[in-house]
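Worth saying up front: this structure is predicted, and the values here are computed from it rather than measured. Note that these values count all heavy atoms, side chains included, but never hydrogens, waters or copies made by symmetry.
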There are 2 protein chains.
Amino acid sequence: MDRIDSSLVALRQILRATEIAGRELAQQAGLTSVQFRALQMVGETGQTTAKAIATRMHVSQATVTALVDRLVTRECVVREKSLEDRRQTHIVITEFGRQTIENAPDPLQQRFVRRFKDLEDWEQAMLVASLERVASMLDAEDLPAGAVLTTGELSRS
Amino acid sequence: MDRIDSSLVALRQILRATEIAGRELAQQAGLTSVQFRALQMVGETGQTTAKAIATRMHVSQATVTALVDRLVTRECVVREKSLEDRRQTHIVITEFGRQTIENAPDPLQQRFVRRFKDLEDWEQAMLVASLERVASMLDAEDLPAGAVLTTGELSRS
DNA sequence: CGTGATAGTTTGAAAGTCAAAGTTTAGGAG
DNA sequence: CTCCTAAACTTTGACTTTCAAACTATCACG
């Protein structure tokens with residue numbers, strides 16, 4: 001069955017393109033991709049907790065501590081003790097951090113969106129249906145996923 | 001335009017599922033995902049050169065040297081000076097390395113393939129067309145990509 | 001035989017990652 | 001009110017990935 005190969009190859013290409021774009025994106029922003037991903041999360045709401053980042057990135061809290069240390073050094077975020085629950089630390093994005101995100105264009109996503117808009121109506125519908133189908137075939141459909149196209153690194157879980 | 005969001009979300013889910021599966025896969029094999037990827041490449045043909053791995057993984061040769069060092073330590077591969085061109089070193093997979101690959105099932109890919117086979121003919125055709133379409137929209141269609149579903153980490157390029 | 005390009009290794013440094021142990025705070029049982 | 005457990009975080013120590021730059025060994029060509 002050759003279609004299986006075709007589909008796997010296409011899927012792999014999509015993954016690779018995203019991976020490479022992620023590198024460039026982060027590099028352009030002067031951060032590593034991991035740092036950039038974390039910063040994006042903070043940026044979504046303006047502030048979060050270390051725990052939330054750890055959970056979303058599937059990484060330990062210790063890792064997040066180290067990661068946030070670096071974002072603090074780069075003045076993209078600041079730590080603020082929570083007043084409600086003093087065990088928590090709010091990670092708050094700085095103006096500089098916000099600009100870093102904004103000034104980092106995502107050529108990959110832009111390209112995709114631009115081309116998607118150019119498609120015929122039925123084509124758009126087909127693509128959405130297909131992508132959702134594939135996601136469900138990977139048992140991915142219930143994973144939380146913001147509408148942001150950024151790959152992350154790997155390592156143990 | 002809501003379809004754009006839907007498509008990006010689905011795409012992101014696919015990426016995440018792959019990412020997570022990659023971690024588990026490598027972990028099960030007792031290697032890191034980077035090591036596993038490299039081992040897979042060696043396994044494809046039984047042997048390669050450091051340069052080839054570096055090129056395919058988009059990392060520097062120095063990185064590959066370090067990586068291969070670990071695969072050698074774990075007895076998954078051995079280094080052999082090339083006889084034709086003595087500058088080259090062939091990275092050759094060992095029996096143990098081969099077993100490591102074989103014993104590491106890829107649940108994600110298997111799941112996908114299994115479900116893909118269950119689809120109606122027209123659905124398969126649609127999925128392939130859609131995936132290839134998306135790949136081309138990401139300018140990914142000319143990237144070399146084996147028919148293997150594994151994500152890689154990131155970092156600078 | 002030089003001389004420049006190629007393939008790899010070494011070295012030193014930054015970053016991501018975790019487990020395990022430690023700190024501080026919250027919240028409930030008594 | 002006190003004590004104990006759980007939760008949120010940090011610290012420490014160790015490993016891996018990654019690179020740039022410097023170095024070694026070889027090839028290939030004039």
Any Q61(B) side-chain nitrogen or oxygen under 4.0 Å from OP1 or OP2 of dG8(C): yes

Among I93(B), I91(B), V77(B), V92(B), the one residue meeting side chain to side chain contact (heavy atoms under 4.5 Å, CB included) with Q47(B): V92(B)

Among dG8(C), dT10(D), dC18(C), the one nearest S60(A) by side-chain distance: dC18(C)

Nucleotide nearest T63(B) (side chain, heavy atoms from C-beta), chosen from dG16(C), dA7(C), dT18(D): dT18(D)

Residue met sooner reading DNA chain C from 5', once Q35(A) and E84(A) are mapped to nucleotides: Q35(A)

Minimum-distance nucleotide (side-chain atoms of R86(B) versus dG16(C), dC19(D), dC27(D)): dC27(D)

NZ/NE/NH1/NH2 to OD/OE distance under 4.0 Å, R12(B) and D5(B): no

Value in whole Å for how far the P atom of dT17(D) lies from CD1 of I53(B): 13 Å

Under 4.0 angstrom between R74(B) side-chain N/O and dT16(D) OP1 or OP2: yes

Closest to the T65(B) side chain, choosing from dA8(D), dC18(C), dT9(C): dT9(C)

Which nucleotide in dT18(D), dA20(D), dT11(D) has an atom nearest any side-chain atom of A66(B): dT18(D)

D85(B) side chain, from C-beta outward: closest of dA15(C), dT17(D), dT26(D): dT26(D)

CD/Q99(B): more than 12 non-hydrogen atoms of other groups inside 6.0 Å: yes

Residue A62(A), side-chain heavy atoms: nucleotide from dG8(C), dT18(D), dT12(D) that is nearest: dT12(D)

Under 4.0 angstrom between R87(B) side-chain N/O and dT9(C) OP1 or OP2: no

Presence of S82(A) side-chain N/O under 4.0 Å of dA8(D) phosphate oxygens OP1/OP2: no

E75(A), CD atom: more than 12 neighbouring heavy atoms under 6.0 Å: no

Position toward the 5' end of DNA chain C (nearest nucleotide), T48(B) or R70(A): T48(B)

